[in-house]
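The next block holds one structure in the form of structure tokens; read it before the comments.
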Amino acid sequence: MGVVLVVNAGSTSLKLSAVAPDGSAETVASLAAAPAEIEAVAHRVVHGGERFREPVVIDDEVERGLGELAELAPLHNRPALAAIDEARKLLPDVPHVAVFDTAFHATLPQEAAVYPLPSRWRHDWGIRRYGFHGLSVQWAAERVPVRRLVVCHLGGGCSVTAVLDGRSLDTTMGFSPLEGVPMATRSGSIDAEIVLHLLRTGKLELEQVERALENESGLLGLSGTSARVEELERSDDPQSQLALAVFGYRIAGAVASIAVALGGLDALVFTAGVGERSAPVRADVCKRLGFLGVTLDPDANAGARPDADVAAQDSPVRVVVLHAREDVMAATAARALLRLAPQKSISSLPLRQPGGNSVRSAAAGERVQA
């Protein structure tokens, strides 16, 4: 049975994987090395704007439409467009599907999606909150199908998302992937007057501001030495420790704030590179969230390998370390759109529940036993 080639073009890398219907995947070295049994190509595109809210088969018109959106996320959409162009040339005999990170967040209610800005900005220029990391969050929602879920996608880019009954209700990234919590080299949210001040006083030009906010801020800007959490954790330098403290504080604050949308919290997921591999970051965030009922099992957290429930047995909020599988979600979307052999259904991750109770899976209608 054929596989779906998933193309994930990041701002600095190109990741290719061949995903079989059973969810297994193999890394592909290059587009030229794609296996012969490919049935379709699924392209992860970060920003779909207002136009693209569902997966779509890519033709020349769609590719032009994606080009028009490049300015919304230039560091991400432009590499994706380049990969689409190359892949369509090298693999012209199979369908190509664009799958959007913003699509999962199309369910954001107006109160979460709009900025308090003039009508012309919002209605004529499409200035609104879109949200990102949708494929990763959707995977988490299907693997951990509790009713009230918060997903911390912590990698080079970081976001925190509230999911209610399998639907995105609020998220920290907004108009662009720059908004929200601090990231590896991105600032996250700052006072807009800072940018206006720097431009107005001539301290920096527009391009310098953009480069600083995207590539010189976040953990790198705070520490002055590294954007990598594992390197900062090994350092005794006060600035490195400050960077980690700000990181944990802002993430915990985002979780607490976004839980308002859910009216509480049943489970907290840590996923992506930092979320999966950094026990100290998880411990710091969860310690700050103790007032919400989040309690870690220190030993389980320290030795966690995805996928794992690392909450204390009596914690009313489950804490899950989950391996990100955006490739599976992209392949699943392409198969459904093209009506190919369906992807194997996603199984729920068993969660330990206080008192041995089972949890009703709101998204999948299953029971997850303790």
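Note that the structure is predicted; figures quoted are calculated from it, not measured.
Under a 4.0 Å N-O distance rule, the pair D165/R147 qualifies as a salt bridge. With respect to E230 and R277, no salt bridge is recorded, no charged nitrogen being found less than 4.0 Å from a carboxylate O. The pair K89-D85 meets the salt-bridge criterion, since a charged nitrogen lies less than 4.0 angstrom from a carboxylate oxygen. The pair D93-R88 does not count as a salt bridge, with every side-chain nitrogen at least 4.0 angstrom from each carboxylate oxygen. Ion pairing between a basic and an acidic side chain is recognised when a charged N comes within 4.0 Å of a carboxylate O; R318 and D309 show such pairing. The pair E142-R325 does not count as a salt bridge, with every side-chain nitrogen at least 4.0 angstrom from each carboxylate oxygen.
Ring orientation note: the planes of F52 and F100 are close to parallel, at an angle under 30° on the 30°/60° scale.
Checking side-chain atoms of R148 against main-chain N and O of G263 turns up a donor-acceptor pair under 3.5 Å. Distance alone, capped at 3.5 Å, is enough to place a donor-acceptor pair between the T107 side chain and the S168 backbone. Judged by distance alone, with hydrogens and angles left aside, the side-chain atoms of T271 form a donor-acceptor pair with the main-chain N or O of L322 at under 3.5 Å. Between the S257 side chain and the G253 main chain, no donor and acceptor come within less than 3.5 Å of each other. In this structure a side-chain-to-backbone donor-acceptor pair under 3.5 Å is present from D101 to L135. At least one donor-acceptor pair under 3.5 Å links the side chain of R282 to the backbone N or O of E276. At least one donor-acceptor pair under 3.5 Å links the side chain of R186 to the backbone N or O of P177. Panel note: side chain S315, backbone V317; a donor-acceptor pair is recorded below 3.5 Å. Under a 3.5 Å cut-off, the side chain of S17 and the backbone N or O of A25 do not form any donor-acceptor pair. Checking side-chain atoms of R129 against main-chain N and O of T172 turns up a donor-acceptor pair under 3.5 Å.
Looking only at side-chain heavy atoms (C-beta outward), V7 and L31 come within less than 4.5 Å of each other. V209 places a side-chain heavy atom less than 4.5 Å from the side chain of L199. Between V160 and D170, every side-chain heavy-atom pair lies at or beyond the 4.5 Å cut-off. For the pair K203/H197, a side-chain contact is recorded, criterion being any heavy-atom separation below 4.5 Å from C-beta on. With contacts defined as side-chain heavy-atom distances shorter than 4.5 Å, the pair V3/V19 does not qualify.
Summarising the local packing, CZ of R200 is surrounded by more than 12 heavy atoms from other residues, nucleotides or ligands at distances under 6.0 Å. Q110 CD: 12 or fewer foreign heavy atoms inside a 6.0 Å radius. The number of heavy atoms from other shown groups lying within 6.0 Å of CD (E210) does not exceed 12. Counting heavy-atom neighbours within 6.0 Å of Y249 OH, excluding the residue itself, gives a total of 12 or less. Applying the 6.0 Å contact sphere to CZ of R167 captures no more than 12 heavy atoms from other residues, nucleotides or ligands. More than 12 heavy atoms of other shown residues, nucleotides or ligands fall within 6.0 angstrom of atom CD in E50.
Atom NE2 of H96 is separated from atom CG of L338 by 10.5 Å, given to the nearest 0.5 angstrom. Distance CG/N77 to CG/L69: 6.5 Å, rounded to 0.5 Å. Atom OG of S119 sits about 12.5 Å away from atom CD1 of I127, to the nearest 0.5 Å. How far CD1 of I84 is from CZ of R44: 12.5 Å, rounded to the nearest 0.5 Å. The structure places CE of M173 at 10.0 Å from OG of S189, a figure rounded to the nearest 0.5 Å. Between the CG atom in D284 and the CD atom in E233 there is a gap of 10.0 Å [rounded to 0.5 Å].
Taking both residues in full, the closest heavy atoms of Y115 and R122 are given as O-CD, 3.2 Å, listed atom of the first, atom of the second, then distance. Between V255 and L289 the shortest heavy-atom distance is CG1-CD1, 3.6 Å. Residues P55 and V97 come closest through the heavy atom pair CB-CG1, 4.1 Å. Here the closest heavy-atom approach between residue V285 and residue G248 is recorded as CG2-O, 3.9 Å. Between A113 and L108 the shortest heavy-atom distance is CB-CB, 4.2 Å. Taking both residues in full, the closest heavy atoms of L149 and L265 are given as C-CD1, 4.4 Å, listed atom of the first, atom of the second, then distance.
Taking the centre of each ring, H153 and F132 stay at or above the 6.0 Å mark. Aromatic ring centroids of Y130 and H105 lie 6.0 Å or more apart.
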(request) Start with the C-alpha distance between T185 and S217, add both sets of side-chain angles, then the distance that settles side chain to side chain contact (heavy atoms under 4.5 Å, CB included), and finish with yes or no. (result) CA-CA 5 Å; T185 65; S217 298; over 6 Å; no
(request) Just do the side chain to side chain contact (heavy atoms under 4.5 Å, CB included) check on L262 and L169 with the steps written out, would you? (result) CA-CA 8 Å; L262 303 175; L169 213 59; 4.2 Å; yes
(message) Test side chain to side chain contact (heavy atoms under 4.5 Å, CB included) on V310 and F270; report intermediate values, then the result.
(response) CA-CA 10 Å; V310 297; F270 291 93; over 6 Å; no
(message) Does Q239 form a side chain to side chain contact (heavy atoms under 4.5 Å, CB included) with T225? I'd like the steps, not just the answer.
(response) CA-CA 9 Å; Q239 293 305 115; T225 57; over 6 Å; no
(request) Given salt bridge (charged side-chain N to carboxylate O under 4.0 Å, His left out), test E205 with R211 step by step and report yes or no. (result) CA-CA 10 Å; E205 300 293 331; R211 183 171 63 252; over 6 Å; no
(message) What verdict does the salt bridge (charged side-chain N to carboxylate O under 4.0 Å, His left out) test give for R64 and D60, after you've listed the backbone C-alpha separation in whole Å, the side-chain angles of each residue and the deciding distance to 0.1 Å?
(response) CA-CA 6 Å; R64 282 193 295 271; D60 291 345; 5.2 Å; no
(message) side chain to side chain donor-acceptor pair (under 3.5 Å) for T171 and T161? Distances and angles first, verdict last.
(response) CA-CA 4 Å; T171 190; T161 300; 2.7 Å; yes
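I251 and L222 are members of different hydrophobic clusters when ILVMFWY side chains are connected at heavy-atom separations under 4.5 Å. No continuous path of hydrophobic side-chain contacts links L178 to M183 [ILVMFWY only; heavy atoms under 4.5 Å].
Cation-pi geometry between R250 and F247 is not satisfied (NZ or CZ under 6.0 Å from the ring centre, within 45° of the ring normal).
Side-chain contact of S24 with D22: a donor-acceptor pair under 3.5 Å is present, judged by distance alone.
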